[in-house]
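Note that the numbering runs from 1 along the sequence shown for the chain. On a predicted model such as this, the values are computed, not experimentally measured, just so you know.
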Amino acid sequence: MTGSDPAGPGRSRRDAGDLAHAETERAVEQALALVGGARTGPSPDPDRRGDASARAPRGDANGAPLGSPHPTRNSTDNAVPDAPAPTGAPHPAPPPPLSWDRARAVAARAGRAAPLATIRLPLDRALGHVLAEALGALTDLPSFDTSAMDGWAVAGPGPWAFEAGAGILAGRGPAAALPDGTAVRIATGARVPPDTTAVIRSEHAHADEAKGLLHTRRSVAAGQDIRPRGQECRAGEQLVPAGTVVTPAVLGLAAAAGYDALPAVPRPRVDVLVLGDELLASGLPHDGLIRDALGPMLGPWLRALGAEVSPPRRLGDDAAALRDALTASDADLIVTTGGTAAGPVDHVHPVLEALGAELLVDGVAVRPGHPMLLARLPAPGTPRGRSRESSQEHPQGPPERQSRDVPDGPYLVGLPGNPLAAVSGLLTLAEPLLAGIAGRPAQDAYRALVHAEVHGHPHDTRLVPVVHRAGRPGGRDHVAPLRYNGPAMLRGIAAADGLAVVEPGGVRSGTEVEILDLPWAPATPWTEGCFT
């Protein structure tokens, strides 16, 4: 071949490509520096944040896009990682994404990092909250000996003499002691007179009104059908531990034990920001526009996880609006949808960088949902990258943060734009984070047999919608994978009651897999063949 080598004498075409790439990177850095948004971290991994074209500049200091106005959405869940960065590139290769279980552990630990706040809520407002303290009985339960049945209170051996009359009713004051050989009518819940031997149920007794004598049709055991004082608990005994979710039954128990209000952890407050110019809030898709599936889904889902959720805000692909929304939020957690890749209108990373946020999870080795992220924003008014605690308050640095300055504002979970990928992000990052913030105990992992071969990713964990099936007589219950499990599909998860955690390489039929339960279960199991 003749002609001069554009890279200069002695350089190969690959070296020329390396040089050109390095020059492009330098030009990008210079452009970002001119607008005050120079990158400080490694170049993005196209598999985690977008395609190869996503190496274009991401945005200025205010998040304004510098590249093409055409969107590049998160569509990389099944992408193949590209080659390592050329040796001439000025930035090292980004670290590999966290494993799925490691990412969940990081999210759970982040949620537990801050001490829990405690509020006192009246019983009619405490439902669904988490107890901040163990609930101890304020009195014996029952607080006095009571009748467990409608019938007769008797003392000593029978037959027993009785007097006509209404007898002892519930809610009345203490009655006089019952002499041996006598009986008195008694209602369920009424206070048993002192010296009562037993209560005879009405259906087991025969009252001879003419003689004024009571006879029993069965033998009488001492203490029968009497609920003795303290049978359920004694004053000061723990009824339920801290971290218990307040259910209707817990409310009833608390009321019985004497409580008017409960010590509870405030529900985490969540803001939902929906990104994407291509999203419609109503009507049919048209002209390249699609319906927003995540806005209607995320609020109820997050409420099912115990959060207080504000109505979703649709920001489109507007970096300035995203930055304003992040800095103005007073929520404990901000959830964004889409924009976590590195295309020309994917603004989440550059806006977080401009704000000085700390990336705790930047990409997870899971399909779908690979480009999800978890970050901690600075507190309002905090200089970029600095903790809000003053050195005077903590001369050696704030507790558990003495080694470095860490932002301590709200958390942000960035979900991919594809619907099922977003569900994966909810279960991987948002659920364990919210559980920690709310003081909920971690869910106990359990495993179930899967009745089908489930293909796996070569390197990443897969989350596959499944439905529980009852086993045949003598057989074990199992789960069956659902067909519609692509990153952009919701048809499978709508029929599911859990997701199977499929390790790299897949599993064979009859293998046990870990199951992530959904916060609800279908009212009627969907067993149509089109789903399985």
Side-chain angles (χ1 to χ4, degrees), residues 28 44-60 62-80 82 271-301 311-326 334-352 363 367-373 412-426 465 483-494:
V28 170
D45 181 348
D47 183 46
R48 292 165 61 190
R49 300 182 188 170
D51 58 20
S53 66
R55 295 185 183 274
R58 296 193 305 216
D60 62 18
N62 295 317
L66 299 173
S68 166
H70 300 291
T72 302
R73 310 308 301 167
N74 294 327
S75 57
T76 62
D77 286 311
N78 297 311
V80 177
D82 62 354
D271 286 342
V272 176
L273 306 179
V274 179
L275 314 181
D277 289 339
E278 76 278 21
L279 301 177
L280 293 169
S282 62
L284 293 174
H286 62 86
D287 300 327
L289 303 176
I290 61 173
R291 280 294 299 271
D292 168 30
L294 296 181
M297 180 177 73
L298 290 181
W301 197 306
R313 294 180 56 192
R314 293 179 171 83
L315 303 183
D317 290 314
D318 188 329
L322 174 60
R323 178 168 179 158
D324 290 344
L326 296 185
I334 302 167
V335 175
T336 63
T337 69
T340 56
V345 292
D346 289 330
H347 301 305
V348 173
H349 278 93
V351 169
L352 290 177
R367 307 298 172 122
H370 196 55
M372 68 180 71
L373 63 87
L412 181 141
V413 169
L415 302 178
N418 278 324
L420 189 58
V423 169
S424 175
L426 277 176
R483 289 173 51 195
Y484 300 99
N485 54 33
M489 296 181 179
L490 288 175
R491 191 173 176 183
I493 195 67

The reported gap from CD in Glu278 to CZ in Arg291 (rounded to nearest 0.5 angstrom) is 13.5 Å
| message | What I'd like to find out is whether the side chain of Leu279 reaches to under 4.5 Å of the side chain of Ile290, using heavy atoms alone. | response | yes
Heavy-atom nearest pair, Leu322 first then Leu315, reads CA-CD1, 3.8 Å
All heavy atoms of Pro416 vs all of Ala422, minimum pair found to be O-CB, 3.6 Å
Residues at least two apart in sequence or cross-chain that pass side chain to side chain contact (heavy atoms under 4.5 Å, CB included) with Met489, listed by chain then number, are Tyr484
Under a 4.5 Å cut-off applied to non-hydrogen side-chain atoms, are Leu326 and Leu273 in contact? yes
Check your understanding: Taking side chain as C-beta onward, heavy atoms only, is Met297 less than 4.5 Å from Leu490?
Key -> yes
Output for pair (Arg491 CZ, Leu420 CG), nearest 0.5 Å, gives 14.0 Å
Rounded to the nearest 0.5 Å, the OG atom of Ser424 sits from the NE2 atom of His370 at a distance of 11.0 Å
**OP:** Check whether any side-chain heavy atom of Leu426 lies under 4.5 Å from a side-chain heavy atom of Leu298, and answer yes or no.
**Re:** yes
Rounding to 0.5 Å, atoms CG (Asp346) and OG1 (Thr340) come to a distance of 7.0 Å
Given the options Leu280, Leu284, Asp277, Leu289 meets side chain to side chain contact (heavy atoms under 4.5 Å, CB included) only with Leu280
Between Arg313 and Ala325, the two heavy atoms sitting closest are NH1-CB, 3.6 Å
By side chain to side chain contact (heavy atoms under 4.5 Å, CB included), Pro296 pairs with (sequence neighbours left out) Asp292, Arg314
Here the gap from Leu294 atom CG to Asn418 atom CG, rounded to the nearest 0.5 Å, amounts to 9.0 Å
Smallest heavy-atom separation, Asn485 atom then Pro465 atom, equals CB-CD, 3.7 Å
Heavy atoms of Gly369 and Met372 approach each other most closely as O-CE, 3.0 Å
Review point. Hey, is the main chain of Gly492 close enough, under 3.5 Å, to the side chain of Arg483 for a donor-acceptor pair?
Key: no
